[in-house]
Structure formats: C-alpha cells, structure tokens
Amino acid sequence: MPYERSHPIPHAEGLTERYGARPPVTGGRPNIRPGRVIGLAGLIRAGRPTPRNRFPRGGPAAVAGLLALMVSAACASAPASPVSASAPASTAPASAPYLPEPTGPHPVGTTSLYLKDVSRPDPWVPEAKARELMVSLWYPARSRGGRRAHYVTPKESQLILEGKGVTGVPSDVLSRTRTHALSDAKPVGGRHRLPLVVLSPGFTDPRSSLTGLAEDLASRGYVVAGIDHTYENFAMTFPDGRVTTCGACEITTDDFGEKAVESRAADVSFVLDELTGPHPKWKSGILIDPSRIAMAGSSLGGASTIEAMLKDSRVRAGIDLDGTMFATIPQKGLSRPFLLLGTQSQHSPGGEDPTWDRDWRLLTGWKRWLVVAGSVHPSFTDYHLLADQIGFDLGADLSGARSMEITRRYVRAFFDLHLRKRPQPLLEEPSARYPEVDFCSPGTRTCR
C-alpha cells in the first residue's frame, strides 16, 4: 500500500509519450546514516523533506518499503538498490478496499476539471509550455442515485504501486477502492452559499489520496477542490488519455522544496481564478462563496498551504497535515488562522522537524498545534486506512480507521469555525472522545 514519500526517488518512471522519457537516475539507496537502525516509522520519516528546509544535493532518499523492515548499518554500505515492499500471498485482500462513509447529511457528487494555465510553463518539464492541471471537485449533491466515482484508473494504480516500491498485491488494487461520491451528480446549494476548501496532496501522491477527507467535507456542505500538481505524482491521467508520471522526482537541486511550494501556490491561485472568476470553468461555480475559501494539505501539500496563504489573500485559513515547512514567513507574521496537525514522534515541540518550532511564533492569528499519538506520516491521508485493509502494517499504534476519523473531525472543526463561524469546543482543549490528540505548548515544549 503506498504512502507519500516527500523526496524524489532514485529513478523516474518516465514522462508522457508526448514529451518523451528521460534517462533514469541510478545509484540511489535509502538515506540511512552509518550505524543507524531504522524501523518502518523511520523509513517513512526518511521519505520526508529534511529539517534543513531543503533537499540534499543529488536527490533525496530511495524508495522505502511498507512492510515493517529493519534496516541496519550494513544497508548503508550495501550495493545500491531500491527497497521495495512485498506482501505475502496470505495478505492479499479478500474484498475490494473501501473508504468510510461520509458523516454529513448530504449525498456527495464529484466531477473532474482539466485546466490549462497558458501564462506560465510547467516548472518541472520545460517542454510543456503551459501548466496543465487536473482538479477533482466534491460537493453536496441532490440525489443519492447514480454511478460511484472511480478512485484511480488501473494504470494509475499500477504506476503508483510501482513508484512506491509495493509488490505482492494485484497491480490494479487501488482502482478497486470503493468511494461514495457520485459522478457528475447535480449539486445542491444557493448562489455564493457554499464555502470552498482546496486540498493539496503529498509529494508523489495523487489528488485521490485525500478522497476520504474530501467526501466527508462535501457531505457537510463544502465544495472541495483536490489538485493534482502535474509531474509531482507517480501517475495522473488527462482527458485525452495522456498519463504523466513524476518528472519532479528527477530534479536534483538544493532549493527543491522552495520551488515546489512556490509552484503549488501558483497552481492554487490559478485554480481559484478558474473556479471563482467571472466565467467559472465549473458550470456550478456560482454556488461557491468567494469570501469563504480555505486550504489544507498533506506533507508537501501542507507546506504549500502556508505559501498559498502568503501569496493569495483569498485563502482565509489553512491546515498543515504533518508537513515540513518550506515557505519563508515574513517577520510581520501570518495573521490568518492556521492549524498544525501531525505525528507525535515527528512534530511534537522540539521534535525531529524543527520547522514547526521555527515558524510557530510567526503565526500571529488564531492557531493550534496538535499531535496524534500512535499516528504515522500516512495517517492523515487515505493510505493508512487502505494499507490496513490490504494487509500492510505501517507500524502505527493507531488504526487507519481511527486516524481517518480523527483527521476528518479536527479538519472539519477548523473549517466550521473559521469559514462558518460556528463555535468548536473540540479545538479549545483536549477531548475525552479523542484522547490520542494532544494540544502542544511550544513555549514549554509540552503536549497534553
């Protein structure tokens, strides 16, 4: 089962046929220091942006597996090869994976948009003279009848699993994932009545990796726009059949993180223009309230949320789901509401990633810093839940179903508070219903 790995892999699967393939980068190995023993949680962390606010020269870590692998110091001197995950035959799923039911009162509809920004070239593939994007929209729908949307295509499933180094499961297993949104269902809502939430996935992950969260928000009356940041994921399909893969995985530059969040912020602003402008590309765009827009992202998507808020004042509130920060917040600070929600091991105050401590004082508006005990990096996406169903142990002390419930509940509370002005006691103090969630006080480096 895949999870987001925030570093480029040692080889790329190639680009689209239109632009041709690039030669693979060889000689990569897991980013493991001599003498260090790393379990699965460490491998997951090894696949994230470095706390020095940049990617190492020459390209970051190789593909890490999803099984509970123990990698000793001998691995650092072993011949270079990617680490892959292989599921025993007994772990093959007996039935299709599925996402949990949305918790809101509305049926959920979904549709996809192809958008083309001719004002700028693609940042990762110079041959592409315009930035092409795919966006999924989820929204409250009128009817519960219709055809359920696909999670990913069989080809996308294959490329995602190959990119993540996952073997031992059917290559199309992700395409069988059961969703709840109905394709092209008629939306419900009045003119400028629905708040909009933008979702940005982790590096190498497609927009579908946040479907469980998106469906839940839509069932509660939000329009949700999930953006595929082209060439930053292992697989994405355009309407004409072109399939792109991870061109950005081949970039070897010290300022990769900064470039990535700047590009994503530009993607977000363009998508907002296309959804809320005078001639919206979504035929029901008139339902969106342009004064109530917020954003959340997983990992690199979370880091990109800060950059998007700095560059575009339309984004009124933001959430970082376990992402290392790359954007430079000005000394005057960012006064709009912000929520940090992450793993206890990585993102407690004084933890392995110092960027949350660094930027906390620069968040000058409403803010909370929450960590979830027992979670791992994929816990804030669909992939922890799906991994459990397929039979992979990510090394978490929390189940994927519980992590999905927590993510949905706290994300929704934040948006209900800041886009709908509904009081949220859940965000004021620890909850007996969610004892895994700790509120952190960076000044004292404690969480309770």
If we only count heavy atoms from C-beta on, is the [X] to [Y] side-chain gap below 4.5 Å?
X	Y	value
R408	P100	yes
Y114	D240	no
F238	E132	yes
T381	L210	yes
E258	T328	no
R120	D267	yes
V372	L341	yes
S175	T153	no

To the nearest 0.5 Å, what is the distance between [atom1] ([X]) and [atom2] ([Y])?
X	Y	atom1	atom2	result
L275	I293	CG	CD1	8.5 Å
I329	L334	CD1	CG	6.0 Å
Y98	Q389	OH	CD	5.0 Å
W369	H347	CH2	NE2	8.0 Å
S431	E436	OG	CD	9.5 Å
T204	L300	OG1	CG	9.5 Å

Can you give me the closest heavy-atom contact between [X] and [Y], atom names plus distance?
X	Y	value
P126	K129	O-NZ, 3.6 Å
A218	V224	N-CG2, 4.2 Å
I227	V135	CG1-CG2, 4.3 Å
S200	H229	OG-NE2, 2.8 Å
C246	F203	SG-CZ, 4.0 Å
L310	A327	CD1-CB, 4.2 Å

Between [X] and [Y], does at least one N-O distance fall below 4.0 Å, as a salt bridge requires?
X	Y	answer
E428	R368	yes
R402	D397	no
E232	R131	yes
D416	R409	no

Q. Is the count of non-hydrogen atoms from other residues, nucleotides or ligands lying under 6.0 Å from K186 atom NZ greater than 12?
A. no
Q.
More than 12 heavy atoms of other residues, nucleotides or ligands under 6.0 Å from NZ of K155: yes or no?
A. no
Distance-only, no hydrogens or angles: does the [X] side chain make a donor-acceptor pair with backbone N or O of [Y] under 3.5 Å?
X	Y	result
K259	P123	yes
R336	M309	yes
Q344	V371	no
R220	P102	no
R292	R193	yes
D117	S119	yes
S171	Q158	no
S209	P206	yes
H180	L99	yes
D382	G212	yes

Q.
With side chain to side chain contact (heavy atoms under 4.5 Å, CB included) as the test, pick out the partner of I306 among L363, D359, V261.
A. L363
Q | Close aromatic pair by centroid cut-off 6.0 Å: F338 and W360 | A | no
Q) What do the steps show when you test R207 against S112 for side chain to side chain contact (heavy atoms under 4.5 Å, CB included), and what is the final call? A) CA-CA 11 Å; R207 66 193 189 275; S112 293; 3.5 Å; yes
Q | Stepwise side chain to side chain contact (heavy atoms under 4.5 Å, CB included) check, F414 with W366 | A | CA-CA 10 Å; F414 177 83; W366 187 103; 3.5 Å; yes
Q.
Taking the cut-offs as 6.0 angstrom to the six-membered ring centre and 45 degrees off its axis, would you call R420 and Y222 a cation-pi pair?
A. yes
Q: Apply ring pair (Phe, Tyr, Trp, His ring centres under 6.0 Å) to Y410 and list each qualifying residue two or more places apart in sequence or on a separate chain.
A: Y434
Q) Would D255 and E262 count as a side chain to side chain contact (heavy atoms under 4.5 Å, CB included) if you check the C-alpha gap in whole Å, the side-chain angles of each, and the deciding distance to 0.1 Å? A) CA-CA 11 Å; D255 62 350; E262 288 174 3; over 6 Å; no
Contacts under 3.5 angstrom, residues 280-287 side chains, donor-acceptor by atom type, not counting sequence neighbours:
{"unit_1": "K281", "atom_1": "NZ", "unit_2": "E274", "atom_2": "OE1", "d": "2.8"}

Q: Tell me, with the steps shown, if D322 and S299 meet side chain to side chain contact (heavy atoms under 4.5 Å, CB included).
A: CA-CA 5 Å; D322 209 46; S299 197; 5.9 Å; no
Q) Step by step, would you call T103 with D216 a side chain to side chain donor-acceptor pair (under 3.5 Å)? A) CA-CA 6 Å; T103 62; D216 193 60; 2.6 Å; yes
